Amino acid sequence: MWLNATCSLEFQIPAPTPFILMLRPRSGYNQWVGREEYLIDPSVPTYEFTDMFGNLCQRLIAPAGEFSIKTSVYVKAAEAGDIAPGAFFIEVQNLPNETLPFLLPSRYCESEYFNQLAAEVSQGYAPGYDQCTAIVNYIRNTIRYVPGTDTGIISATEINQKSEAVCRDMAHLGIALCRALSIPARMVVGYLETLQPMDMHAWFEAYVGGRWYTFDPTQDNLLGGRIAIAYGRDAADVAIYTQFGDPVDLNKLEVSVQRIELPPR
């Protein structure tokens with residue numbers, strides 16, 4: 001199926017401000033970018049690079065005053081995430097090199113503190129995909145997903161002490177628990193067709209059975225098309241925008257995702 005996803009950001013900039021943006025999805029497994037638009041107003045020189053995780057990033061200096069970024073992308077995506085009960089655990093010595101950074105503790109996923117809890121949560125489950133499912137069930141059963149309550153990024157150890165959270169924080173906990181079991185896990189930021197209320201969304205992927213699989217503690221199932229924009233170790237790696245210097249005001253952030261027949265020519 002085809003999805004059209006849009007994102008609109010409007011800022012008030014007090015002084016010329018450097019930005020790094022991460023708003024362009026790339027084609028890959030389960031998604032094909034057919035067409036995209038990327039509008040910056042006022043227009044400024046913009047330079048694109050690929051970060052260490054393969055994400056497409058844009059550098060620019062926003063001028064003082066009103067500044068806006070609008071993106072629209074048409075992506076052919078799967079109608080639901082793949083599931084693979086029983087997909088096997090891969091021993092660390094047999095993992096592909098590119099998955100190894102996603103085994104290590106990171107800023108918001110302190111997996112070294114979760115060895116005991118991960119063992120308890122996954123007890124009795126087959127190593128691999130089924131352990132990840134047990135982790136997702138634990139998060140869903142202990143933490144309530146409450147969108148729109150974001151008060152700042154918190155880590156997995158902090159979220160494990162709370163009763164409610166946003167998608168990013170629940171992903172952090174899932175990642176930390178997977179890594180504590182020596183399962184590579186990474187954060188994903190992007191669009192989810194069925195998300196309510198609509199916004200940017202975060203989930204995680206775990207590497208089992210020889211590939212990455214999607215896990216989302218905020219949803220009852222994996223129905224709905226997804227468009228991944230960025231992958232990283234945790235939220236520090238996948239911010240859709242990062243600005244440097246004095247704070248700027250984000251006046252508006254609007255996101256939409258619609259299923260369409262075909263992208264316009």
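No experiment lies behind these values; they were computed from the predicted model shown. For this chain, numbers begin at 1 and follow the sequence in order.
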One should read off an interatomic distance between Thr17 OG1 and Leu60 CG, to the nearest 0.5 angstrom, of 10.0 Å
Nearest heavy-atom contact between Ile139 and Pro217 is CG2-CB, 3.7 Å
Apply side chain to side chain contact (heavy atoms under 4.5 Å, CB included) to residues Val257 and Leu195 and explain how you reach the verdict.
CA-CA 9 Å; Val257 184; Leu195 187 66; over 6 Å; no
Just list the side-chain donor-acceptor pairs under 3.5 Å for residues 220-232, sequence neighbours left out, or say none.
| residue | atom | partner | partner atom | Å |
| --- | --- | --- | --- | --- |
| Asn221 | OD1 | Leu223 | N | 3.0 |
| Arg226 | NH1 | Asp216 | OD2 | 3.0 |
| Arg226 | NH2 | Asp216 | OD2 | 3.0 |

Passes side chain to side chain contact (heavy atoms under 4.5 Å, CB included), Val208 versus Ile183? Steps please.
CA-CA 7 Å; Val208 292; Ile183 296 174; 3.8 Å; yes
Test of understanding: with salt bridge (Lys or Arg N to Asp or Glu O under 4.0 Å), list the residues that count as partners of Glu158, not counting sequence neighbours.
none
Looking at Tyr113, I'd like to know if its OH atom is crowded, meaning that more than 12 non-hydrogen atoms belonging to other residues, nucleotides or ligands lie closer than 6.0 Å.
no
Does the side chain of Pro147 come within less than 4.5 Å of Pro197's, by heavy atoms?
yes
How long is the straight-line distance from CG of Leu173 back to OG of Ser111, given to the nearest 0.5 Å?
11.5 Å
In this structure, CD of Gln258 is separated from OH of Tyr74 (nearest 0.5 Å) by 9.0 Å
Starting from the C-alpha separation in whole Å, work towards a yes-or-no answer on side chain to side chain donor-acceptor pair (under 3.5 Å) for Ser256 and Thr6.
CA-CA 5 Å; Ser256 71; Thr6 67; 2.4 Å; yes
Would the distance check show the side chain of Arg233 and the main-chain N or O of Pro101 forming a donor-acceptor pair, the cut-off being under 3.5 Å?
no
Stepwise ring-ring contact (aromatic ring centres under 6.0 Å, His included) test for Phe89 and Tyr129:
CA-CA 7 Å; Phe89 170 82; Tyr129 188 97; over 10 Å; no
Looking at Gly210, is its backbone amide N or carbonyl O close enough to the side chain of Tyr207 to form a donor-acceptor pair, meaning the two atoms are under 3.5 Å apart?
yes
Using side chain to side chain contact (heavy atoms under 4.5 Å, CB included), reason through Val73 and Asn4 one step at a time and then give a plain yes or no.
CA-CA 6 Å; Val73 63; Asn4 174 219; 5.7 Å; no
Determine whether more than 12 heavy atoms belonging to other residues, nucleotides or ligands lie under 6.0 Å from atom CD of Glu261.
no
Using modelled atom types only, decide if a donor and an acceptor are shared between the side chain of Asp130 and the backbone of Tyr125 within a distance under 3.5 Å.
no
Pairing residues for Arg140 by the side chain to side chain donor-acceptor pair (under 3.5 Å) criterion, not counting sequence neighbours
none
Is it true that a side-chain atom of His201 and a backbone atom of Cys167 form a donor plus acceptor pair closer than 3.5 Å?
no
Shortest non-hydrogen contact from Pro184 to Leu103?
N-CD2, 3.6 Å
Check: Thr46 side chain, Val44 main-chain N or O, donor-acceptor pair, under 3.5 Å
yes
Do Met198 and Trp2 belong together in a cluster built from hydrophobic side chains that touch within less than 4.5 Å?
no
Which atom names give the shortest non-hydrogen contact between Ala165 and Met170, and what distance separates them?
CB-CG, 3.8 Å
Full working for side chain to side chain contact (heavy atoms under 4.5 Å, CB included) between Lys76 and Met1
CA-CA 6 Å; Lys76 191 172 186 179; Met1 70 173 178; over 6 Å; no
Looking at Leu56, is its backbone amide N or carbonyl O close enough to the side chain of Gln58 to form a donor-acceptor pair, meaning the two atoms are under 3.5 Å apart?
yes
For residues 186-208, which residue pairs pass the salt bridge (Lys or Arg N to Asp or Glu O under 4.0 Å) check, not counting sequence neighbours?
Arg186-Glu205, Glu193-Arg259
When you measure from the side chain of Gln131 to the backbone of Gly128, do you find a donor-acceptor pair of N or O atoms at a distance under 3.5 Å?
yes
What salt bridge (Lys or Arg N to Asp or Glu O under 4.0 Å) pairs are there with at least one residue in residues 48-63, not counting sequence neighbours?
Arg24-Glu48
Does Ile61 CD1 have over 12 foreign heavy atoms under 6.0 Å away?
no
Quick check on Lys70: does its NZ atom have over 12 non-hydrogen neighbours (other residues, nucleotides or ligands) under 6.0 Å away?
yes
Check whether any side-chain heavy atom of Cys178 lies under 4.5 Å from a side-chain heavy atom of Ile135, and answer yes or no.
yes
Same cluster for Phe204 and Val121 if Ile/Leu/Val/Met/Phe/Trp/Tyr side chains link at under 4.5 Å?
yes
Ring centres under 6.0 Å, that's the criterion: do Phe19 and Phe244 meet it?
no
With a 4.5 Å cut-off on side-chain heavy-atom distances among I, L, V, M, F, W and Y, is there a chain of contacts connecting Phe53 to Val238?
no
Give every residue pair that meets the side-chain hydrogen bond (donor to acceptor under 3.5 Å, both in side chains) criterion with at least one member in residues 94-108, sequence neighbours excluded.
Ser106-Arg179, Ser106-Asp234
Tell me yes or no: between the side chains of Gln219 and Tyr145, is some donor less than 3.5 Å from an acceptor?
no
Are the side chains of Leu177 and Leu117 in contact, using a 4.5 Å heavy-atom criterion?
yes
Over all heavy atoms of both residues, which pair between Ala202 and Arg168 is shortest? Give the atoms and the distance, please.
CB-CA, 3.9 Å
First locate atom OG1 of Thr71, then atom CD1 of Ile240, and finally report the distance between them rounded to the nearest 0.5 Å.
8.5 Å
Phe215 and Tyr213 have their tightest heavy-atom pair at CD1-O, 3.4 Å
With side chain to side chain donor-acceptor pair (under 3.5 Å) as the test, would you mind laying out the steps for Glu120 and Tyr138 before giving the verdict?
CA-CA 10 Å; Glu120 293 173 356; Tyr138 165 76; over 6 Å; no
Is it true that, when you exclude Ile83 itself, more than 12 heavy atoms of the residues, nucleotides or ligands shown sit nearer than 6.0 Å to its CD1?
no
Step by step, would you call Trp212 with Phe102 a ring-ring contact (aromatic ring centres under 6.0 Å, His included)?
CA-CA 12 Å; Trp212 294 101; Phe102 302 106; 5.6 Å; yes
Do NZ/NE/NH1/NH2 and the carboxylate oxygens of Arg211 and Asp82 come within less than 4.0 Å?
yes
Between the side chains of Ser155 and Glu110, does any donor sit under 3.5 Å from an acceptor?
yes
Which atom pair, heavy atoms only, marks the closest approach of Ser122 to Ala134?
CA-CB, 4.2 Å
